[in-house]
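Have a look at the structure below before the remarks.
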Amino acid sequence: MQCWVENVRCFFRGPPLDGNARRTFRCHLRYALLDATAGGILMNAPLVAIKAFEAANWHLPLRELYSGIGMIASLYLGARMATRAKMPFVFIPGVLAGLCSLMMAAATGSAFWFLTLLGIGAMFEVVTRPAITTILRLNYPVAHRGHATGEVRQWASLAFVASSVTSAWMLHWGAGHASAVGGTATGTLAPGLQWSADHMAQILIVLAGILSLASFACFRRIQVEQDVLEWGRNPNPQLRGGFRGALGALTAGNGRFRRYLVGCFLDGFCQMLYFPLIWAFLSRDLGFGYLGCSLLMHAIPALAAFAATGALGRYLDHTNPWISWAWIRCLWGLDALLLAATPACAILFPPALVILPVVGRILRGSVQGGWWIMWWQIGITYFAPAREDTSRYMGVMVFLNGSIRLAASAAGIGLAALSIPPSVLLVAGGIGVMLSGLYSLWQAAWERQHRGPETIAEFEHLWGGESQTPARLD
């Protein structure tokens, strides 16, 4: 209770920021709340495709496949934006992502095109991430960067769970009434309500598109002072030079960053091997409906994230990122193993059908906010020198994530086509994620032995404004 009260106080007080950093926090929070609300609706889209459009298993990884393409494009975009204004690289793709969500409402007759448009929208959304990370690094002081992003992510988790559960209930209500009348009004509902029941999926998708557009309009209000200084330094970079600048982040002698990418690849690939099939596993193997699937897929993890992420953000500011990754990944992998064990355990102990998934989802939810902050917001700042190198390094991270999604989605489609049970992929993926956590722990011990920086703040202090990472950190 005391922790919850403290979280409420932090919501109104926020991190100790002033000036433009405080304005950035307010705009960032509004953007995140609107984006999370839209995301809560759209994350039920795969279940709509399964239940309403009879999507095949091989359709389910389409979103990850298309978003992976966008992540690969980010390798070039991250280098291109290094010496240009960052905001256009957020606002323009963000608007296109919102428009794709609106177009989904016209594709509800085909599972393939419905999920394809969902994936294209995700593709545009992910290419904004190098620019967002760079803007937040420029505008937030390093001592409070984790705190600020943690507070934003905490309340975005609450908006996400409210949106996902509410939209799942509305879909459940619409499906029940539409199936009861077989598309013909019987007088049990008013004509307006009957029309809403028959078109509930389209209504929610349009709402998600509007919210997505509004979220990027809020982010557009952030003032990035550094953009004025960087604009025009290299206004028309060559295509070849853009890729050369991005790949330079891998070949500039920064061995720490390459070791970091190894752990991230193992973590991400093993997650994506089973993640697109969790919907089908919960719905078909465990027998949950719209509401049960939404609770286990989104609501319970998001509530756990809401309870934990604010404190995690403050903790990450003062903790070695390798240590943070170790326990985040181990708890994440344990969730997959508990889900995989549920069918067998439920035969011997029927309440395990609910207990094990709920416990696993709580474990994952307690660290998913920290995972997101580390991967997409502040983890890269432990390796990248400041200013333009932030977008280059983040472009490499997004490219890696895209490569993972393409490889893992292709592997998942192939294994699903071979009728490999989702529970087998859950076991393999969960073990792989936990191994990546042990790898992070080993790297933490290695860096401590070689006197590497303990925190992000210490790394930026050691960097001290030079153009290269200190040699002793490699």
### Message
Would you compute the distance between atom CZ of F281 and atom CG of L296 and round it to the nearest 0.5 angstrom?
### Response
10.5 Å
### Task
Give the minimum heavy-atom separation between A45 and L115, together with the two atoms involved.
O-CD2, 4.4 Å
### Query
Got a donor-acceptor contact below 3.5 angstrom from the S164 side chain to the F160 backbone?
yes
### Query
CG/L277 to CD1/I420 distance, rounded to the nearest 0.5 angstrom?
11.5 Å
### Query
Can you name the residues that form a ring-ring contact (aromatic ring centres under 6.0 Å, His included) with F399, not counting sequence neighbours?
none
### Query
Side chains of I132 and F89: closer than 4.5 Å at any heavy-atom pair?
no
### Message
Is there a side-chain contact between Q377 and R137 in this structure, where contact means two heavy atoms from C-beta onward sitting under 4.5 Å apart?
### Response
no
### Query
Does F124 reach the side chain of C100, with side-chain heavy atoms less than 4.5 Å apart?
yes
### Query
Only one of W375, W371, W372 clears ring-ring contact (aromatic ring centres under 6.0 Å, His included) with W332; which?
W371
### Query
Looking only at heavy atoms, what is the nearest atom pair of I373 and G150, with distance?
CD1-CA, 3.5 Å
### Task
Determine the minimum heavy-atom distance between A36 and A156, stating which atoms define it.
CB-O, 3.3 Å
#### Entry: Donor-acceptor contact below 3.5 Å, side chain T381 vs main chain I378
yes
#### Entry: Pairwise distance CG(L338) to OG1(T342) - rounded to 0.5 angstrom
7.0 Å
### Query
Is there side-chain contact between V398 and V127, with heavy atoms separated by less than 4.5 Å?
no
#### Entry: Side chain proximity check, W376 to N401, heavy atoms < 4.5 angstrom
yes
### Message
Does any part of the side chain of D35, heavy atoms only, come nearer than 4.5 Å to the side chain of F219, both counted from C-beta?
### Response
no
### Task
Report the C-alpha distance between V358 and I300 in whole Å, list the side-chain angles of each, state the deciding distance to 0.1 Å, and finish with yes or no for side-chain contact (heavy atoms from CB on, under 4.5 Å).
CA-CA 7 Å; V358 168; I300 293 174; 3.9 Å; yes
### Query
Can N44 and L171 be said to form a side-chain contact (heavy atoms from CB on, under 4.5 Å), step by step?
CA-CA 9 Å; N44 283 316; L171 288 167; 4.1 Å; yes
### Query
Do M297 and I278 come within less than 4.5 Å of each other through their side chains, counting heavy atoms only?
yes
### Query
Which atom names give the shortest non-hydrogen contact between C27 and C218, and what distance separates them?
CB-O, 3.8 Å
### Task
Quick one: do M374 and C264 satisfy side-chain contact (heavy atoms from CB on, under 4.5 Å)? Show the steps, please.
CA-CA 11 Å; M374 290 295 297; C264 289; over 6 Å; no
### Task
Enter the distance from L158:CG to S163:OG here, rounded to the nearest 0.5 Å.
11.0 Å
### Message
Just so I know, are the side chains of M123 and I120 near enough to count as touching, which here means a heavy-atom distance under 4.5 Å?
### Response
yes
### Exceeds 12 heavy-atom contacts within 6.0 angstrom, atom CZ of R23
yes
### Query
Between T309 and A305, is there a donor-acceptor pair closer than 3.5 Å when you use the side chain of the first and the backbone of the second?
yes
### Query
Just by modelled atom types, is the G209 backbone N or O under 3.5 Å from a matching donor or acceptor in the S101 side chain?
no
### Task
Without swapping roles, check the side chain of Q154 against the backbone of F306 for a donor-acceptor pair under 3.5 Å.
yes
### Task
Using the six-membered ring wherever Trp is involved, compare the ring planes of W327 and Y315 and label them parallel, tilted or perpendicular (cut-offs 30° and 60°).
tilted
#### Entry: Separation of M394 CE from T133 OG1 (nearest 0.5 Å)
4.0 Å
### Query
Would a distance-only check, ignoring hydrogens and angles, find a side-chain to backbone donor-acceptor pair under 3.5 Å from N139 to V224?
no
### Message
Under the criterion side-chain contact (heavy atoms from CB on, under 4.5 Å), I'd like the reasoning laid out for L295 against F288: C-alpha separation, chi angles, the key distance, then a yes or no.
### Response
CA-CA 10 Å; L295 286 171; F288 290 102; over 6 Å; no
### Query
Looking only at heavy atoms, what is the nearest atom pair of I328 and G370, with distance?
CD1-C, 3.7 Å
### Under-4.0 Å salt bridge between R145 and D317
no
### Summary
So OG of S324 and CD1 of I456: to nearest 0.5 Å the spacing works out to 8.0 Å
### Task
Without swapping roles, check the side chain of T149 against the backbone of G146 for a donor-acceptor pair under 3.5 Å.
yes
### Task
Give a yes or no answer on whether the side chain of T37 reaches the backbone of L33 with a donor-acceptor pair at less than 3.5 Å.
yes
### Query
For H28 and Y140, does a side-chain donor sit closer than 3.5 Å to a side-chain acceptor?
yes
### Query
Tell me, which pairs form a salt bridge (charged side-chain N to carboxylate O under 4.0 Å, His left out) where one or both residues lie in residues 299-312, sequence neighbours left out?
none
### Query
For the residue pair L118 and P46, what are the closest heavy atoms and their distance?
CD2-CD, 4.4 Å
